[in-house]
Every structure is written in C-alpha cells, then in structure tokens.
Amino acid sequence: MIGRLVSNVAKRLPSVLYRESMMTKPQVVFVLGGPGAGKGTQCAKIVENYNYTHLSAGDLLRAERAREGSEFGQLIASFIKEGKIVPVEITINLLRKAMEETMQKDEQKYRFLIDGFPRNEDNLQGWNNVMDGKADVKFVLFFDCSNEVCIKRCLERGKSSGRTDDNRESLEKRIQTYLQSTRPIIELYEKHGKVRCVDASRSVEEVFADVQRILDKEG
Ligand code: ADP
Ligand code: C5P
Ligand code: MG
C-alpha cells in the first residue's frame, strides 16, 4: 500500500519539476518618465491591446502603505510625500511577489510592464541582485515630457487622485528626484541601446500610436 503510494508520488514528481523548468522566463519592459508623463495611462492601453501585465511600483507601494499590519507603512508614506525613492528591499519584494503570483495563476502571463522602476541606482542594484538571470529586460519604454507638462498634469490629477504627492510642494521634490536619480538610469540604458523614447507631451492617442509602433516591432 505504502509502496504503491510512494511510487505514485514518484511518478508524478518529475512532471511537476518538468513543468517548473518549462516556465517561461518573465519578459520585462521597464516603463520610465517623469511624474505625470503618462506611464500609467499608456500601460493601461497596452494591457488592452497586448498580452502584458502592468505592475506599477508606485501602486504596489501605495497598497503596501495601506495594508493593515505592514511594518513599512509609515516609512513608505513619508518617502512618497517627500518624493524620495523607497529602499529597494521593500519595492523589489513587492514586484517579485506580484510577478510570481501572476505567473502562478497563469503561466502564459509572463510579459510584464514594470512601471516606475528602476528609479535610481539602489533600485537597479536591487533588481540585479534579485532578478539577474531570472527575468529578461527587453527594453526601457521612456515617456519623455517637459517638467512643466509633468507638473501641470499631476496638479490636474491631484484634483481627484487623493494622492498625498500630487501637490506643488511634493511635485518640486519629485521632479528633483527624477532629474537627479532617474535620468541617469535612463541614460545608462541608453548607452546600451535599450531605450525606446516616445514624445509624451502629445495627446494620449498620438503617444499610443508611437507605443504601438514600438511594440508591434519588438514587443
Ligand atoms: P504617470 O503614471 O506617469 O504619473 P498618469 O498616466 O497617471 O502618469 O497621467 C498623469 C495625469 O495626466 C492623469 O491625470 C492622466 O489622465 C493625464 N494624462 C496622461 N497622459 C496624458 C496626455 N498624453 N495628455 C494629457 N493628459 C494626460
Ligand atoms: O510612479 P508613481 O508616481 O506612482 O510613484 C509615486 C512615488 O512612489 C514616488 O515618488 C516614490 O516616492 C515612490 N516610488 C518609489 N520607488 C519606485 C517607484 C515609486 O519609492 N520604484
Ligand atoms: Mg503612475
């Protein structure tokens, strides 16, 4: 009886391992741009038209901030309001978990838009430490937009977003963080020919037409 049980389990085991080894490596597009450049808006349109899952680092951090019992809630709240970048140990765990959960539910869902990450050197190092070899970064989709347009859009969004950082004071800090910490990361990827730049100052539809051209070619 026991012997038969063990042999049945043994028979099933290889298929489980086989399935795991056959899981496709996550294919990742990093989505970057200034605050209010339209990352979230464009990602939503991509999801409607292509087989991608949208993971916004900012959304994941806001959810963690709101989660009852989170040991990081206070820290995240103050970093967001100050427009500073949360230590990557927190963010990478949220991203990794979200990716794993998505792929466990449906292994066909291995294409990810990771929006608002990596935003600084610490983010990039954290990604390399945890995800190197475990996911392929295809390219960076960069929504390029002047600071003035970014601020204007965020202030407009602030009328209804309820976000603690869509106000003039936080926005000035967010723009500084973007210029000082995020732009150098985009430039780093640029040097490796990995940036696909879109002029994000135009209408949502015009921007998306460019996004489609990029994704149809190499998405
Ligand atoms: P991000 O995720 O980059 O911060 P969002 O997608 O949330 O930006 O967009 C910021 C605000 O600007 C939102 O209120 C959105 O409706 C608006 N918006 C997004 N794209 C455009 C666009 N191309 N033209 C005008 N307004 C836009
Ligand atoms: O991308 P989003 O505008 O939603 O980000 C809001 C804020 O969340 C950022 O200004 C920053 O404080 C925090 N954040 C972060 N690290 C990331 C992404 C967002 O600390 N990688
Ligand atoms: Mg966003």
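Only heavy atoms go into these numbers, but all of them, side chains included; no hydrogens, no water, no symmetry mates.
For the pair V28 and A135, the tightest heavy-atom approach, listed with the atom from each and the gap, is CG2-CB, 4.2 Å.
A salt bridge links R67 with E64; the closest basic N to acidic carboxylate O contact falls under 4.0 Å. In this structure, K134 does not pair ionically with E100, as no charged nitrogen and carboxylate oxygen lie closer than 4.0 Å. Ion pairing between a basic and an acidic side chain is recognised when a charged N comes within 4.0 Å of a carboxylate O; R174 and D166 show such pairing.
Looking at residues two or more places apart in sequence or on another chain, you find no side chain to side chain donor-acceptor pair (under 3.5 Å) involving N129. Here D210 pairs with R202, R213 under the side chain to side chain donor-acceptor pair (under 3.5 Å) rule; sequence neighbours left out.
A donor-acceptor pair under 3.5 Å is formed between the side chain of T102 and the backbone N or O of A98.
L60 and Y52 fall into different hydrophobic clusters, where Ile, Leu, Val, Met, Phe, Trp and Tyr side chains are chained together by heavy-atom contacts under 4.5 Å. I114 and V29 are assigned to two separate hydrophobic clusters, defined by single-linkage of ILVMFWY side chains at heavy-atom distances under 4.5 Å.
Note that CG of N51 is 12.5 Å distant from CD1 of I46, once rounded to the nearest 0.5 Å.
H54 has its side chain within reach of D115: a pair of non-hydrogen atoms, C-beta onward, lies under 4.5 Å apart. At a threshold of 4.5 Å between non-hydrogen side-chain atoms, the residues F112 and Q27 do not count as touching.
Legend: salt bridge (Lys or Arg N to Asp or Glu O under 4.0 Å) pairs involving residues 69-85, not counting sequence neighbours, sorted by first then second residue: E82-K173.
Side-chain contact check for D136 and Y110: no donor-acceptor pair (N or O, by modelled atom type) lies under 3.5 Å.
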